[in-house]
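Each remark here refers to the structure printed beneath this line.
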Amino acid sequence: MTEIQAEEEKKPRCFLVAGPKGKSEEDGKPYELMDLVKTLGYETVGVLVLTRIEPTPAYGMGSGKAHEIADKAKEAEADCIIFDFEIDPSKQRNWEKLCAKPVFDRNEVILRIFAQRAQTKEAVLQVELARLTYSLPRLSHMYGDMARQRGGAFGTKGSGETKLELDRRQIEDKIIQVKKELDQVIINRQTQRKQRERTSCQNVALVGYTNAGKSSLLNALTGADVFVENKLFATLDPTTRKLETGPGSSLLLTDTVGFISNLPHTLIKAFRSTLEEATFADLLLITVDASDSHCRQQYKQVLSVLSEIGAENLPQLILLNKWDLVQDNNLVTAELDSFFPDSIKISAKSQLGFDELKEKITETLFGTIKDYVIPMDRADLANLARKNGQVLEEEWMEDGAHIKARIKDSSRTAALLKEFQGECAE
């Protein structure tokens with residue numbers, strides 16, 4: 001019984017193959033893939049970094065190197081081989097025949113992680129759609145003999161369909177069904193978004209590389225109970241909570257799915273409705289893990305994904321999270337200050353920098369504090385200030401309404417109130 005339990009708890013052993021130096025990490029090792037494999041629950045038993053990739057039809061590299069990889073994976077007693085770059089279905093079949101063990105790429109690793117993490121109906125449907133789309137051209141590598149026929153007999157009703165043809169048709173039908181269900185979920189999300197827009201609340205989105213601490217930050221700022229774990233893609237669903245920024249002032253803060261380099265296009269397409277939460281935000285909080293030595297590359301990847309979904313021109317603030325872990329290292333802090341000169345240093349764990357963060361969010365969304373004296377016959381402007389700005393003080397006197405408020409300079413409300421603006425008494 002003990003042996004059976006140990007066998008069940010045994011982690012699958014995998015041998016990793018990385019692309020040439022410069023396409024993975026600084027020293028050539030695929031650290032990101034290693035983290036993905038760890039998150040999936042697999043154990044890395046060997047890594048081989050290629051010096052070049054040849055566009056050969058059989059393996060994508062020379063047969064000598066292919067046999068070398070197969071031999072090293074066998075010596076390491078690996079259960080599977082994982083490539084840090086995409087391999088097409090025909091090469092995947094050739095590799096599995098050569099190695100006599102499962103072979104797949106980082107795209108499938110990410111898909112498997114997403115399948116483990118999906119909780120809500122939308123996430124489950126999105127992962128299912130991505131998985132089906134990815135697996136459709138790879139069906140034949142899942143079977144041995146594809147000549148088996150079903151239905152009919154030679155000379156009577158025709159040769160019938162192969163199991164591959166049947167499965168392909170079933171997957172195509174399933175894709176259509178999942179897309180219909182997902183369309184309905186997206187409609188529901190759009191309805192929820194419109195309801196939030198009617199509240200006149202500003203929307204702020206937490207975006208960033210996976211495992212940068214976005215969910216922890218949402219919990220610390222709003223008192224939410226979003227699931228947090230020190231693993232990649234701990235949460236897949238956007239979560240929105242109200243954040244109090246001052247007396248009688250609040251905004252909506254949304255935690256989005258984490259980004260990663262080379263996210264499979266099937267996942268980008270399937271998760272577009274989730275990623276689009278960022279495109280509807282009034283402000284993006286780009287969260288960076290300051291304690292990660294690769295945070296600069298991760299930040300560049302976040303900007304790349306934001307560009308891909310059309311959110312690159314939205315107002316942004318850069319948050320260096322986990323600052324408490326690096327603040328005593330002068331060399332690291334100097335490098336980060338040089339690369340992120342206008343960033344805000346915070347810590348979701350110790351709430352370091354939260355007051356500065358809230359002040360900067362408020363200033364970015366509503367502008368600096370200004371005084372206004374609005375005449376009695378223009379009470380409509382006072383209502384506009386309350387609706388589209390942040391009124392801090394309001395007192396009605398004989399000459400009109402004396403208001404101290406934040407109203408964004410670029411807004412129409414600010415233009416209408418400009419002639420009634422006085423000197424701020426702050």
Side-chain angles (χ1 to χ4, degrees), residues 32 35-36 39 110 113-114 117-120 122-123 202-243 245 251-261 263 267-268 271 273-292 294-306 309 311-312 314-326 336 340 343-354 356-358 360-361 364:
E32 185 175 88
D35 287 339
L36 288 168
T39 298
I110 295 174
I113 293 173
F114 273 52
R117 300 288 179 173
Q119 297 293 329
T120 66
E122 181 178 13
Q202 296 288 320
N203 290 281
V204 178
L206 287 164
V207 299
Y209 214 73
T210 179
N211 207 31
K214 299 184 300 302
S215 298
S216 296
L217 185 57
L218 179 74
N219 290 343
L221 285 169
T222 67
D225 57 352
V226 176
F227 176 73
V228 174
E229 188 176 1
N230 187 26
K231 286 186 177 181
L232 305 185
F233 301 115
T235 53
L236 296 182
D237 303 288
T239 303
T240 301
R241 295 290 185 269
K242 182 175 287 188
L243 171 63
T245 56
L251 53 84
L252 296 178
L253 185 63
T254 300
D255 175 26
T256 62
V257 63
F259 300 162
I260 196 168
S261 64
L263 186 67
L267 275 179
I268 288 181
F271 274 80
S273 64
T274 304
L275 294 172
E276 279 180 352
E277 285 296 313
T279 68
F280 290 97
D282 299 293
L283 173 65
L284 299 179
L285 301 181
I286 301 180
T287 309
V288 178
D289 182 356
S291 66
D292 194 317
H294 303 102
C295 64
R296 290 176 286 277
Q297 294 94 323
Q298 293 172 357
Y299 169 71
K300 292 177 182 178
Q301 184 60 40
V302 170
L303 295 183
S304 175
V305 176
L306 289 176
I309 63 176
E312 71 275 17
L314 293 176
Q316 302 171 358
L317 292 177
I318 301 174
L319 313 183
L320 292 183
N321 192 25
K322 307 181 186 180
W323 189 255
D324 51 330
L325 299 179
V326 300
L336 291 174
F340 304 103
S343 60
I344 304 171
K345 285 77 174 177
I346 63 167
S347 169
K349 184 177 180 180
S350 65
Q351 299 193 4
L352 169 72
F354 274 24
E356 179 188 357
L357 173 59
K358 291 181 181 180
K360 195 66 177 178
I361 291 174
T364 304

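Heavy atoms only: backbone and side chains are in, while hydrogens, waters and symmetry mates are out.
The closest side-chain heavy-atom distance from L357 to L319 is below 4.5 Å.
With L285 as the partner, the side-chain contact (heavy atoms from CB on, under 4.5 Å) test is satisfied by one option alone out of V207, L217, I346, I361: I361. Checked against V204 for a side-chain contact (heavy atoms from CB on, under 4.5 Å), the options L284, L221, L283 give a single hit: L283.
A donor-acceptor contact shorter than 3.5 Å links the side chain of T256 to the backbone of L206. The backbone N or O of G213 lies less than 3.5 Å from no partner atom in the side chain of S216, so there is not a single donor-acceptor pair.
Here the straight-line distance linking atom CD1 of I318 with atom NZ of K345 works out to 10.0 Å at 0.5 Å rounding. In this structure, the separation between CG on L252 and NZ on K242 is 7.0 Å, given to the nearest 0.5 Å. To the nearest 0.5 Å, atoms OG1 (T287) and CG (D255) are separated by 8.5 Å. Rounding to the nearest 0.5 Å gives a distance of 8.0 Å between CG of N321 and OG of S291. Distance check: I286 CD1 to L317 CG gives 9.0 Å after rounding to the nearest 0.5 Å. Atom CG of L218 is separated from atom CG of L243 by 9.0 Å, given to the nearest 0.5 angstrom.
Minimum interatomic distance between N203 and F280 (heavy atoms only, all atoms of both residues): CB-O, 4.3 Å. Taking every heavy atom of both residues into account, A278 and A205 meet most closely at CA-CB, 4.2 Å.
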After noting the C-alpha distance and the side-chain angles of L320 and I344, does the key distance pass the side chain to side chain contact (heavy atoms under 4.5 Å, CB included) rule?
-> CA-CA 6 Å; L320 292 183; I344 304 171; over 6 Å; no

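Listed by chain and residue number, nothing satisfies the side-chain hydrogen bond (donor to acceptor under 3.5 Å, both in side chains) test with Q316 (two or more places apart in sequence, or in another chain). Every residue meeting the side-chain hydrogen bond (donor to acceptor under 3.5 Å, both in side chains) condition with S347, not counting sequence neighbours, appears here in chain and number order: D324, S350.
Neither side chain, D289 nor Q298, offers a donor N or O lying under 3.5 Å from an acceptor on the other.
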